[in-house]
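Proteins come first, then strands; the chains are lettered A, B, ... in the order of their sequence lines, and each starts at number 1. What you are looking at is a predicted structure, and each value in this text was computed from that prediction instead of being measured.
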Amino acid sequence: MQIQPILAALRRHRLASLLIGLEIALACAVLCNACFLIANRVQDIHVQSGIDETSLASLKISGYEDSQSVDINARVTAGLRAIPGVQSVSVLNSIPFGERRGTSGITTDAEGQHLGGVIEFYLGGPGSAEALGLHVVAGRALQADDYQPFTGVFPSSAPVLMTRELAEHLWPGADPLGKPFWLDKWRYQVVGIIDHLVTPDPGMRGAGTSGWSVFVPGQPGPMLSGNYLIKAAPADIQRVLRDAREAIAIVAPDVVLDQQGTQTISDLREKFFQQDRVMTGMLVGVIVALLMVTALGIVGLASFWVQQRRKQIGIRRAIGATRHDILSYFQTENFLIVTGGIALGMVMAFALNLLLMKFYELPRLPLFYLPVGAVVLWALGQLAVLGPALKAAAVPPVVATRSV
Amino acid sequence: MFGYYLDLALRSLKRNKVLTALMVLAIAVGIGASMTTLTVMHLLSGDPLPGRSGSLFYPQVDSNPTPGNYKEPLDKLDYPTAMDILNAHLADRQTVVVDSPVKLRAPDTQLPPLIPSMLSTTSDFFAMFDVPFRYGGAWHAEDDDKHARVAVISSDLNAKLFNGANSVGRTLRLRDTDVRIVGVLAPWRPAPQFYTVAGGRFAAGKTADFYSKTQDVFTPFTSGLEINDGNFYQYTCWHPAPTPGHLQNAPCAWLGVWVQLNNPTKVAAFKRFLDGYAAQQHALGRVVRPQNTRLRSLMEWLDFNGVVPSDVRLQTWLAFAFLAICLFNTIGLLLAKFLRRSGEIGVRRALGASRGAIFAQCLVEAGIVGLLGGLGGLLLTLAGLWVVRSQPVAFADLAHLDGSMFLLTFALAIATSLVAGLLPAARASRVAPGLQLKTL
């Protein structure tokens with residue numbers, strides 16, 4: 001295939017070629033970045049929680065006085081435990097993908113000089129660590145006498161379980177077991193390391209913080225009541241939660257059941273990431289529409305060129321060019337234009353990514369997106385031009401002799 | 001002449017229906033996507049109190065005594081600072097706001113108890129923010145001082161509890177306290193719910209909740225603190241609160257103060273007061289960063305908090321990138337369309353039509369494509385907004401097309417198609433008549 005005559009012909013159609021090239025370039029820039037955004041969202045949506053999600057539900061009540069909390073706790077836990085199929089009922093302040101009630105900054109020294117970060121305190125009563133299904137990978141699990149009564153927002157001191165991720169952040173490379181940390185004057189000591197426990201709102205406080213959680217044991221009381229973790233077999237959990245809503249009306253008719261906070265963890269997770277899913281769907285829609293519009297543009301212009309050059313095609317056919325020659329002429333022409341567009345598009349994709357990095361705290365676009373985007377656009381161009389090119393190849397040589 | 005061009009354009013468009021449909025579709029989709037996102041942007045970034053927002057300010061003093069090089073004061077105030085600013089009475093109007101969940105029962109009805117959000121504020125709140133009343137009115141300034149057990153309720157709550165009837169004078173039980181309803185609001189939906197906005201810069205762009213509906217119950221600040229004592233949430237605490245939920249004497253920031261300052265002189269005077277107050281408190285050892293005082297206007301405060309969710313902004317950018325691609329596409333197709341008729345243009349030129357006439361004719365054709373695309377775009381915009389309304393976001397109910405956006409849809413569509421038509425029309429008008437006639 002000779003490229004020289006094609007380039008010569010394109011020079012005669014500078015404007016149209018430039019337009020298609022620019023369209024391809026813009027499409028390339030948007031395509032690469034939109035795919036990257038999708039990949040990021042999908043990664044967010046599939047964040048590991050480190051808990052036994054499918055068999056857990058959260059139930060939240062409010063509208064009672066602190067002085068009633070011991071009585072309410074006793075009535076509610078007894079009432080919930082009586083529901084057939086319930087494996088355990090425990091009290092937990094914060095719920096993954098749900099309510100966040102233990103977010104606090106910690107320090108790694110008693111004087112409060114070395115900030116460790118803003119982390120989540122999962123404050124749970126007896127049985128909640130087991131219900132969550134926390135895997136202790138180093139140190140010891142919590143024991144019955146670790147759960148002590150307390151009066152403040154959190155216990156003023158306690159042995160805690162810490163995620164590996166947070167331990168590695170606070171004391172890189174060191175053995176975290178036995179290490180203390182402080183919340184103001186309150187002191188906690190790491191007795192066990194768990195492999196993972198997601199914060200209630202992963203992704204809200206910057207990259208790499210979604211596993212910054214500790215589990216603090218405490219006895220249910222005024223500051224630990226109202227949020228219950230129900231565990232049942234995954235097949236039963238929806239029914240158990242339905243029964244639980246009814247049970248509350250009987251065992252504690254004077255409290256108010258919080259509908260938002262009373263859901264299975266799977267539903268909470270679903271709702272938490274709903275916006276991300278919508279955005280992903282929209283990005284996919286944009287990409288599809290974008291590729292379609294681009295393809296239609298190529299079809300339109302290529303059809304025009306074919307019609308405009310009917311006579312020239314006829315002449316070439318008459319003097320010996322095969323159908324294949326004509327077909328490959330248009331395909332090569334399209335390849336050249338798309339290649340030019342992609343070259344510009346890669347630069348634009350990079351520039352767009354820089355803008356997104358600046359305004360949306362997005363990471364840098366991995367380079368492999370560029371060749372993938374290029375291949376997609378080449379394939380799209382070839383597909384779009386195929387129809388008009390076949391039409392061109394079908395032009396009979398006799399056209400050359402007509403209407404002269 | 002225009003009528004003739006119109007006729008020519010319609011004929012030309014009819015001649016190649018597929019190409020015309022492609023162009024109209026491309027413009028319609030591009031316009032639909034950009035107008036949907038632009039309408040949402042317009043609604044979310046708008047002024048919640050047009051005409052009034054310029055005289056409303058959000059004073060900030062850095063009451064966090066923890067040493068450190070913090071560039072900005074905390075987004076809310078602690079109790080002593082808020083009271084000092086409020087009681088100085090230096091502004092034309094001033095108010096303090098804090099919201100908390102409260103257990104509510106209506107003894108006159110059989111409804112089960114609810115936990116709505118209660119805004120505790122002062123009587124100036126309603127006048128300052130131009131809050132519309134359906135029945136009754138705001139409580140009086142004396143009620144604030146007397147810790148009066150009165151309340152104003154939202155139109156939503158009035159509909160739920162009293163089927164929208166005039167409920168002024170009736171009693172509500174908030175937790176264990178009976179309060180008398182003195183006013184019922186008319187529907188009021190400021191977007192965003194500007195007076196409680198805080199902490200937006202730490203929300204990683206997920207700020208949709210700033211557009212929630214207003215609170216259902218409004219009580220005098222002094223009464224609210226007593227009624228719902230123990231149920232208040234801090235914005236942040238620099239040491240744990242000694243009694244959780246009771247924040248008056250806790251080392252916590254939890255109150256927002258708003259002031260109305262009617263002219264620039266007063267604004268400057270108020271800023272001087274804030275600086276002086278911070279310096280005085282610095283001397284007393286309570287404030288460690290006296291330079292961190294701010295007096296942002298309402299719109300500046302919303303900007304500072306980045307209230308428009310980043311997803312919405314991203315969608316708008318995406319939609320316009322998409323429109324740009326549709327534009328390039330239309331330019332290419334129009335170019336093909338016009339140049340395909342080179343022969344026809346050659347004849348017209350030979351018969352005496354000027355270049356300008358050809359140019360105008362082509363633009364009329366592009367304009368018609370734009371108009372059709374605008375119509376399609378309008379339908380797609382309405383469909384797009386319907387999709388937005390069905391989303392589970394706080395601002396979903398706001399997504400409606402208003403008059404200005406309706407007109408903008410057509411303006412944008414026609415502008416797009418005219419811009420798209422300029423280049424192809426210029427090219428078409430430069431067709432050399434002689435060459436075309438020869439090949440006919």
Is a donor on one side and an acceptor on the other found under 3.5 Å between the side chain of [X] and the backbone of [Y]?
{"X": "B:S429", "Y": "B:A426", "answer": "yes"}
{"X": "A:N40", "Y": "A:F36", "answer": "yes"}
{"X": "B:D75", "Y": "B:G199", "answer": "yes"}

Which bit of [X] comes within less than 4.5 Å of chain B, counting heavy atoms only: side chain, backbone, both or neither?
{"X": "A:D66", "value": "neither"}
{"X": "A:V30", "value": "side chain"}
{"X": "A:L37", "value": "side chain"}
{"X": "A:R277", "value": "neither"}
{"X": "A:M292", "value": "neither"}
{"X": "A:W186", "value": "side chain"}
{"X": "A:L356", "value": "side chain"}

Side-chain donor-acceptor pair present, B:S12, B:R341, cut-off under 3.5 Å: yes

Contact class of [X] relative to chain A, heavy atoms under 4.5 angstrom:
{"X": "B:I331", "result": "both"}
{"X": "B:W317", "result": "side chain"}
{"X": "B:L314", "result": "both"}
{"X": "B:L22", "result": "side chain"}
{"X": "B:Q391", "result": "side chain"}

Mutual orientation of the aromatic rings belonging to B:F395 and B:Y211 [parallel < 30°, tilted 30-60°, perpendicular > 60°]: perpendicular

More than 12 heavy atoms from other groups under 6.0 Å of CD on A:Q259: yes

Interface residue of largest heavy-atom contact number with chain B, from A:A289, A:G300, A:G152, A:P253, under 4.5 Å: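 When all of A:A289, A:G300, A:G152, A:P253 are compared, A:A289 has the most.
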
